[in-house]
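A, B, ... follow the sequence lines: proteins, then strands. Residue 1 opens every chain. Just the heavy atoms: all of them, side chains too, but no hydrogens, waters or symmetry mates, feed the values below.
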Protein chains: 2
Amino acid sequence: MTQLDLEADTTEHPSKLGRKRDHTRDPEILDAALEVLAETGYDGMTIDMVAARAKAGKATLYRRWPSKGELVIDAVACMKKGDIDYSQLPDTGTLRGDLLAMIKPHSIEDGEKKLQIMAGLMSMLSRAPELAEAANAAIVEPRATANRILMRRAIDRGEIAADCDIETLSLISPSMAAYRVLILRKPVDRKFLVSLIDGVLLPAVGLGRPNDTRREEG
Amino acid sequence: MTQLDLEADTTEHPSKLGRKRDHTRDPEILDAALEVLAETGYDGMTIDMVAARAKAGKATLYRRWPSKGELVIDAVACMKKGDIDYSQLPDTGTLRGDLLAMIKPHSIEDGEKKLQIMAGLMSMLSRAPELAEAANAAIVEPRATANRILMRRAIDRGEIAADCDIETLSLISPSMAAYRVLILRKPVDRKFLVSLIDGVLLPAVGLGRPNDTRREEG
DNA sequence: TATATACGGTACTAGACAGTTTCGGATCTT
DNA sequence: AAGATCCGAAACTGTCTAGTACCGTATATA
């Protein structure tokens, strides 16, 4: 209690005394935590590693977060940045064109890094269920949402049937990419994603199977 | 070297002296390890937990496996038992019938338990890549193989087109179930699996979308 | 019977790590 | 200037656990 008051002061009432906490360091520390998390996993990660990576003192970290667990939860929750901008989704006129346009090297690279973070979090998910939700919201849900938007557009323009199971279909590529990275430990490359689009998604919505779209190469 | 000879004797040459090692305890210990692994994950698992669960002494474990890591690797490698019998796959005459017949409470329960083990292994996969392969072979690949067989049969009897991407399609239900259990922390129930079959798999192979198979309930 | 090893159980050793404290110095308010 | 709080760095504490050693007992060979 007595010790915690020192920390709580900053939030309870604006104490004016002393040097101010440099909050520009917060994101640097959180990013360092995410890097270590992706590289070593939650249990392998030590506070010293994070502090060293962020060129900060250990006490600085404990002044801001009460425990290792809270630090990680905060880091995951603040990860959303640099994600997909739904107002800038491709609009090529066809569903296939839109889905293919979503495949960009940067997007693949970013996705793999985030899935590595997810892998590092895995052991923690059973202990902190709310983290599962946060991680899903930050890592896979944005991509599923993008797919959902593109498919709904395709329905609106009459390209595909209105009774397609969009909710399930939009989860296919994120979840299969997760499976591939987390369990198979194989890279998610363009060829894999194209085969998902042409071999599963488009046939499932009634496109691609009638017309012979074999021999498609990425 | 000198100490290891005691262990190695049993394999190098049949030493006749002393009480024999009770190898009927091996599977009991390995099963205990898998249980603890599923419940607490690799890093949370301690040798004492496994020994207590198996009602064995810690020394007994270290007499048989040189380290915690080797024990876990062995436990995962010996997990294949109780898995799908490919000679007993359903054969209802239709792909949909076969896929639905694969959904059994025992199969679901077993699958979820194995995915919990997979979750517990996650943090170890980056350190022991060969374990990723073993875990995949024991946990998800059997189900993908079953799907492959059922779909190939459907091709052979002319029910679906021969150019379907079976390799990718057979991975859909295992990988989406893994995503659902590991990341979403939601149960894999019959309804979910049926929606995969009717909303994705069958439409993707050219069945189910033309005829209106909506309002299917599990 | 004598010897050697396995068994379950317990005590011990050594190292790693979360979290705390201390220190010299920097930065803020009053 | 004074006092309070921040900073990075490092020392320190308490706990946890992998792995080892030893105990008394059970079971095997010779």
Mind checking what makes salt bridge (Lys or Arg N to Asp or Glu O under 4.0 Å) contact with Glu112(A), not counting sequence neighbours?
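For Glu112(A), no residue satisfies salt bridge (Lys or Arg N to Asp or Glu O under 4.0 Å) once neighbours in sequence are set aside.
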Asp110(B): what forms a salt bridge (Lys or Arg N to Asp or Glu O under 4.0 Å) with it, not counting sequence neighbours?
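For Asp110(B) the salt bridge (Lys or Arg N to Asp or Glu O under 4.0 Å) partners, ignoring immediate neighbours, are Lys114(B), Arg143(B).
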Got a sec, which residues hit side-chain contact (heavy atoms from CB on, under 4.5 Å) with [X], two or more places apart in sequence or on another chain?
{"X": "Glu70(B)", "value": "Pro66(B), Ser67(B)"}
{"X": "Glu167(B)", "value": "Arg148(B), Arg152(B), Asp165(B)"}
{"X": "Glu39(A)", "value": "Glu35(A), Arg53(A)"}

Once you round it to whole Å, what is the distance between [atom2] of [N] and [atom1] of [X]?
{"X": "Arg53(A)", "N": "dG8(D)", "atom1": "CZ", "atom2": "P", "result": "16 Å"}
{"X": "Asp22(B)", "N": "dA28(D)", "atom1": "CG", "atom2": "P", "result": "10 Å"}
{"X": "Leu71(B)", "N": "dG19(D)", "atom1": "CG", "atom2": "C1'", "result": "13 Å"}
{"X": "Ile47(A)", "N": "dA10(D)", "atom1": "CD1", "atom2": "P", "result": "18 Å"}
{"X": "Tyr62(B)", "N": "dG8(C)", "atom1": "OH", "atom2": "P", "result": "15 Å"}

Between the protein and nucleotides 26-30 of chain C, which nitrogen or oxygen pairs come in under 3.5 angstrom?
unit_1, atom_1, unit_2, atom_2, d
dA26(C), N3, Arg19(A), NH1, 3.3
dT27(C), O2, Arg19(A), N, 3.4
dT29(C), OP1, Lys20(A), NZ, 3.3
dT29(C), O4', Lys16(A), O, 3.3

Return the 5'-most residue of the pair Thr60(A), Pro66(B) with respect to DNA chain D, ranking by each residue's nearest nucleotide.
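Taking each residue's closest nucleotide, the earlier one in sequence belongs to Thr60(A).
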Taking Lys113(B) first and then Asp31(B), would you say they form a salt bridge - that is, a charged N and a carboxylate O separated by under 4.0 Å?
no
Are any of the side-chain nitrogens in Arg96(A) or Asp198(A) under 4.0 Å away from the carboxylate oxygens of its partner?
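Between Asp198(A) and Arg96(A) there is a salt bridge, with a charged N closer than 4.0 Å to a carboxylate O.
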Pairing residues for [X] by the side chain to side chain donor-acceptor pair (under 3.5 Å) criterion, not counting sequence neighbours:
{"X": "Tyr179(A)", "answer": "Asn136(B)"}
{"X": "Gln116(A)", "answer": "none"}
{"X": "Asp156(A)", "answer": "none"}
{"X": "Thr92(A)", "answer": "Asp98(A)"}

Any N/O pairs under 3.5 Å between the protein and nucleotides 9-15 of chain C? List them or say none.
none

What residues from residues 27-46 of chain A pass a heavy-atom cutoff of under 4.0 Å to DNA chain D?
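The answer is none.
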